[in-house]
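Within every chain, numbering begins at 1; the chains are lettered A, B, ... in the order of the sequence lines, protein sequences first and strands thereafter.
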Amino acid sequence: MTLDLTSRRDGVRSGASNGAVGLSALAGASPAMLLVSLTAAALVAAPLVSLFALALKGDAEIWPHLAAHVLPNALAQTAGLVVGTALVAGVLGSMAAWIVTSFAFYGRAVLLWLLPLPLAIPTYIAAYIYVDIFEVDGPLQAPLRALFSWHTPQDYWFPQVRSLGGAIFVFGVVLYPYVYLAVRAMLQTQPAALSEAARALGATPTRLLRQITLPLARPALAVGIALVSLESLNDIGASEYLGVQTLTLSVFTTWLNRSSLPGASQIALVMLVAVTALIALERYGRRRQAYVRNGSDSVAERIPLTGWRAGLAAFACLVPAALGFLLPAGFLMRETLTRGLLIGFEPELFDHALTTVTLAAAATVLVLLLAGSATLLLRQRPHPLLRAGLAVSALGYAVPGTVLALGLLAPLVLVDRGLGAVMHWITGALAGLIIIGSGAALVIAYAARFMAIGGGFLQAGLARVPGELDDAARLFGAPPLALTRSIHLPLIRPALWGAALLVFVDCLKELPATLMLRPLNVETLSTYVYQFATRGSFEDGALAALLIVAAGLVPVVCIVRQADLAVGARRSR
Amino acid sequence: MPPHPFRTTLLAAAAVAVAASSVTSSATSPAYAQPANAGEVNLYSYRENRLIRPLLDAFTKDTGIKVNVISASSGLEQRIKTEGANSPADVLLTVDIGRLQDAVNTGISQPIVSPALDKAVPPQFRDANHHWYGISMRARVFYVSKERVKDAALTYDELADPKWKGKICVRSGQHIYNNALIAAYIAHYGEAKAEEWLKGVKANLAQKPSGGDREQARDVAAGKCDIGIGNTYYWALMNDKDPSKKAWAEATRVVLPTFKDNGATHINVSGVVLIKTAPNKANAMKLIEWLAGDTAQHMYADVNYEYPVREGIAVNPTIKGYGALKPDPTPMSKIADNKKAAANLVDKVGFDN
């Protein structure tokens, strides 16, 4: 049955055939949607082109040095970090997603909204916290030392958090929600017919998982793991702190210590090409597979668990939630209280929170609008131009945030000059820098950075909608927009919600691009926290870090309710 | 399901965009809409807003000039350069001599012409061509175990001495603080000797470089190593300002190490650059001169735990407790020139691996 399903020729494409390259294939597409779709690509292409221009400015002589002294170690460490993190996050995330979607058990309701929350903890903050917890004078080692009367760290072995292994652990427990949300959105639309048939034939839940659930979830798993990998690849703060020599660090070393911006751009672009090739390879690997949900609209009922099975299910979900969220958040809460941050509450924190939430909301809407249009239009008109555009729009996530922001500078200033000239012509006044001078630059940077999340989630979601539906709608003469509105959008709702949540929370905690592109006097919660961290006392930013969590909590709760209702409305738990 | 999701989304987008611009523009529009506003100065800063806020507030109180700030950790030179003639930037405030030199090399600076500044800032801490002026400084020192290290004086050179095998802790060799220290070592002894030295230091490390400066004190306190390398103010902040880290300070003491060849301690500066296109140049000059003035120099010492560049300004008592500082007279520009070589050496000896 599994084979039958996954080896079928791609059933998604209908209407215009893949081979139609001429622009005529785009005829009839809503011009607004077409424009919006291509804007998504332009938004990401612009900084990459300007980065390419920077890279061409010379300094190619850094390469022999890099090849001899940097790349061997950096490649090994980077590969270790990315693969390790992908494994930890992949296992934790998909297991939790499978459990909460397939089973009903005591505590599930709470876990549903706890599980996405590690998203709201910036990775570098989690790194600081885990170092504090695991260090010699921390709450874990101190009692052990007392118990076994060890005197010096040389007397015993204890895992080092400031190491590659420690970094994999920290990244894994805070990044698993990318996998969790992607896989869960996929499983929620899993056809009941399949699993019910399998169960009727006597398949155990684990066999069901291995032979039906996992193969079906592959596109979502791939999207989630790609996001986790890119996030860990492009991190700088946590890696440096934990002593992992990644390629991204060498981008910064080349730029700042070797004073070679061209050299740094070259490394970043080479990394981008490598990453793109890897992602393309994965896509190629499942090119002949379709993941459509066929026929029945009903979704499998959750199997009620009791006794030790219920306990095990709850435990398997509680572990990632506790490590990724409860523990770090508890640490931040303790620091907030013991440092009297509530009593000394700074009123401007409210302003920073408002700025942060507004910027994040604007960017989330922009991403969903652009990525949504591009994805839905591609479904109607599978034109290579659109496909390429959507692929390009995902590249913003594949370069470090600071590098993307650097690349955005030139295009933004160019647009600002144009706007300024127009304003001058109309009003006669000097306008200055409109986009960079306002929060607009940040909204654009966030959108360029996180478009991949929107596009990835929506494409994975749409892949589940069978082409027969499109054909039926067309048969009845439904115009393209009506098809989008009444068939595609409702069916990809879980993916849409998941993407919205991820993008919003990612924007809340975005740091590198915010630092470089923010206007004068603008502070977000994450830049506010960061200024304490650079001074060596991140704990003093604990309250602001908790405000990021609080701001992220609102959409988490809404979305969990929405998404859970979407599939479970008809039955009791 | 809403009747017109696409249209609703568009409307929502418009609403949020309007809200976003109103939230941020209230804070920013004056500086951008009127580039030459009389009562303001725009500061691009590599120092955290929170750290410099007390200083800037005092400046505003003194002069009535409002200071608008952008602070970042990298890329401000590129931003100013790209913003070009329209850039609102008046002054760039940065730490590290390499960064100051980079800013000048990017071509965004103009000479600062001020006899008052020349009088206040000793020649060693300013650019011969007047493109940057140092404002405050810090030294790169050793946090040593009170219990296990009894030496009163130590040198940077002896970090490579096998007697310290497995006893030294330090953050990444590519961090700008260490980059400048290694560059200074090259400036003293040349690249070949520096490479040998760095290999020796690497061989003496107790663990792979990681963490920040604060963690090195923690590791010494915990007994992982005997000598941690860090900046002067981190230890003082742990000792005076953070009760939860007081134990790390109490288990360690600060030694001001010296270079063997001249008996002086490696220092780095924070400094200012006047931007070529500064729309508020007069106010920018006032701010720069004010930063080298009495009030600011005292604040740098007392609030920020740094060494003032002006002679005759008292340092903070905790910092004073480290002993008398003899700043390395090696020209700062020579340290900046060796920055790239230092970065390459760190890679070559695999210091961070």
### Task
Using a strict cut-off of less than 4.0 Å between a Lys/Arg side-chain nitrogen and an Asp/Glu carboxylate oxygen, indicate whether B:Asp213 and A:Arg535 qualify as a salt bridge.
no
#### Entry: Smallest separation among heavy atoms of B:Gln174 and A:Asn257, with atom names
O-ND2, 2.8 Å
### Task
For side-chain contact (heavy atoms from CB on, under 4.5 Å), just list the numbers for B:Gln78 and A:Met516, CA-CA rounded to whole Å, side-chain angles, deciding distance to a tenth of an Å, and then say yes or no.
CA-CA 10 Å; B:Gln78 262 69 40; A:Met516 197 183 296; 5.9 Å; no
### Task
State, yes or no, whether a side-chain contact exists between B:Asp219 and A:Glu135 at a heavy-atom distance under 4.5 Å.
yes
#### Entry: Separation between OH of A:Tyr528 and CD of B:Glu48, rounded to the nearest 0.5 Å
13.0 Å
#### Entry: Max heavy-atom pair count under 4.5 Å with chain A, selected residue of B:Asp352, B:Leu76, B:Val346, B:Leu237
B:Asp352
### Task
Using a strict cut-off of less than 4.0 Å between a Lys/Arg side-chain nitrogen and an Asp/Glu carboxylate oxygen, indicate whether A:Glu346 and B:Arg50 qualify as a salt bridge.
yes
### Task
Search all heavy atoms of A:Val131 against all heavy atoms of B:Arg218 and return the closest pair with its distance.
CG1-NH1, 3.5 Å
## Note on the structure
Of all heavy-atom pairs linking B:Gln207 and A:Gln160, the shortest is OE1-NE2, 3.5 Å
### Message
Report which part of B:Lys208 has an atom under 4.5 Å of a heavy atom belonging to chain A: side chain, backbone, both, or neither.
### Response
side chain
### Query
Please walk me through it: do A:His69 and B:Val349 pass side-chain contact (heavy atoms from CB on, under 4.5 Å)?
CA-CA 8 Å; A:His69 305 298; B:Val349 308; over 6 Å; no
### Task
Look at A:Thr254, A:Leu256, A:Leu249 and state which one has the largest set of heavy-atom pairs under 4.5 Å with chain B.
A:Leu256
### Part of B:Ser73 lying under 4.5 Å from any heavy atom of chain A
both
#### Entry: Atom pair CD1 (A:Ile436) and OG1 (B:Thr82), whose distance is rounded to the nearest 0.5 Å
7.5 Å
### Pairing residues for A:Cys507 by the disulfide (SG to SG under 2.5 Å) criterion, not counting sequence neighbours
none
### Task
Find the one option among B:Ala72, B:Ser172, B:Ser74, B:Pro209 whose heavy-atom pairs under 4.5 Å with chain A are most numerous.
B:Ser74
### Query
Below 4.0 angstrom, N of the basic side chain to O of the carboxylate: do A:Arg258 and B:Asp347 qualify?
yes
## Note on the structure
A:Asn521 and B:Val67 have their tightest heavy-atom pair at OD1-O, 4.2 Å
### Query
Got a salt bridge between B:Lys241 and A:Asp540, using NZ or NE/NH1/NH2 to carboxylate O under 4.0 Å?
no
### Query
Would you say the side chain of B:Tyr44 lies within less than 4.5 Å of the side chain of A:Leu520, judging by non-hydrogen atoms?
yes
### Task
Taking all non-hydrogen atoms of both residues into account, name the closest pair between B:Ser244 and A:Arg339 and its distance.
OG-NH2, 3.0 Å
### Query
Once you round to the nearest 0.5 Å, how far does NE2 of B:His175 lie from CZ of A:Phe252?
12.5 Å
### Query
Side chain, backbone, both or neither: which part of A:Leu414 has a non-hydrogen atom closer than 4.5 Å to chain B?
neither
### Proximal to chain A - members of residues 95-106 of chain B, heavy-atom separation under 4.5 Å
B:Arg99, B:Asp102
#### Entry: Minimum-distance pair of heavy atoms, taken over all atoms of A:Thr534 and B:Tyr234
O-OH, 3.5 Å
## Note on the structure
Taking a cut-off of under 4.5 angstrom between non-hydrogen atoms, the residues of residues 237-244 of chain A near chain B are A:Glu240, A:Tyr241, A:Leu242, A:Gly243
### Task
List the steps, then state whether side-chain hydrogen bond (donor to acceptor under 3.5 Å, both in side chains) holds for B:Asn353 with A:Gln245.
CA-CA 7 Å; B:Asn353 300 351; A:Gln245 275 13 88; 6.0 Å; no
### Message
Do A:Leu412 and B:Glu83 make a side-chain contact, defined as non-hydrogen atoms from C-beta onward lying under 4.5 Å apart?
### Response
no
### Task
Working to the nearest 0.5 Å, report the span between OG of B:Ser71 and CZ of A:Arg518.
4.0 Å
### Task
Flag yes if more than 12 heavy atoms outside B:Lys81 fall under 6.0 Å of its NZ atom; otherwise flag no.
no
### Task
Could you tell me which residues satisfy side-chain hydrogen bond (donor to acceptor under 3.5 Å, both in side chains) with B:Glu195, sequence neighbours excluded, listed by chain and number?
B:Lys348
### Message
Please classify the contact of B:Asn304 with chain A as side chain, backbone, both or neither, using a heavy-atom distance under 4.5 Å.
### Response
both
### Task
For the residue pair B:Ile70 and A:Pro519, establish whether any side-chain heavy-atom pair is separated by less than 4.5 Å.
no
### Message
For A:Ser537, which atoms come within 4.5 Å of any heavy atom of chain B: side chain, backbone, both, or neither?
### Response
both
#### Entry: Ion pair B:Arg214/A:Glu539, N-O distance below 4.0 Å
yes
### Query
Taking C-beta and beyond as the side chain, do B:Lys339 and A:Ser259 meet within less than 4.5 Å on heavy atoms?
yes
### Query
Counting heavy atoms not belonging to B:Lys245, are there more than 12 under 6.0 Å from its NZ?
yes
### Message
With chain A as the partner, which of B:Leu43, B:Asn179, B:Ile176, B:Asn344 has the greatest number of non-hydrogen pairs under 4.5 Å?
### Response
B:Asn344
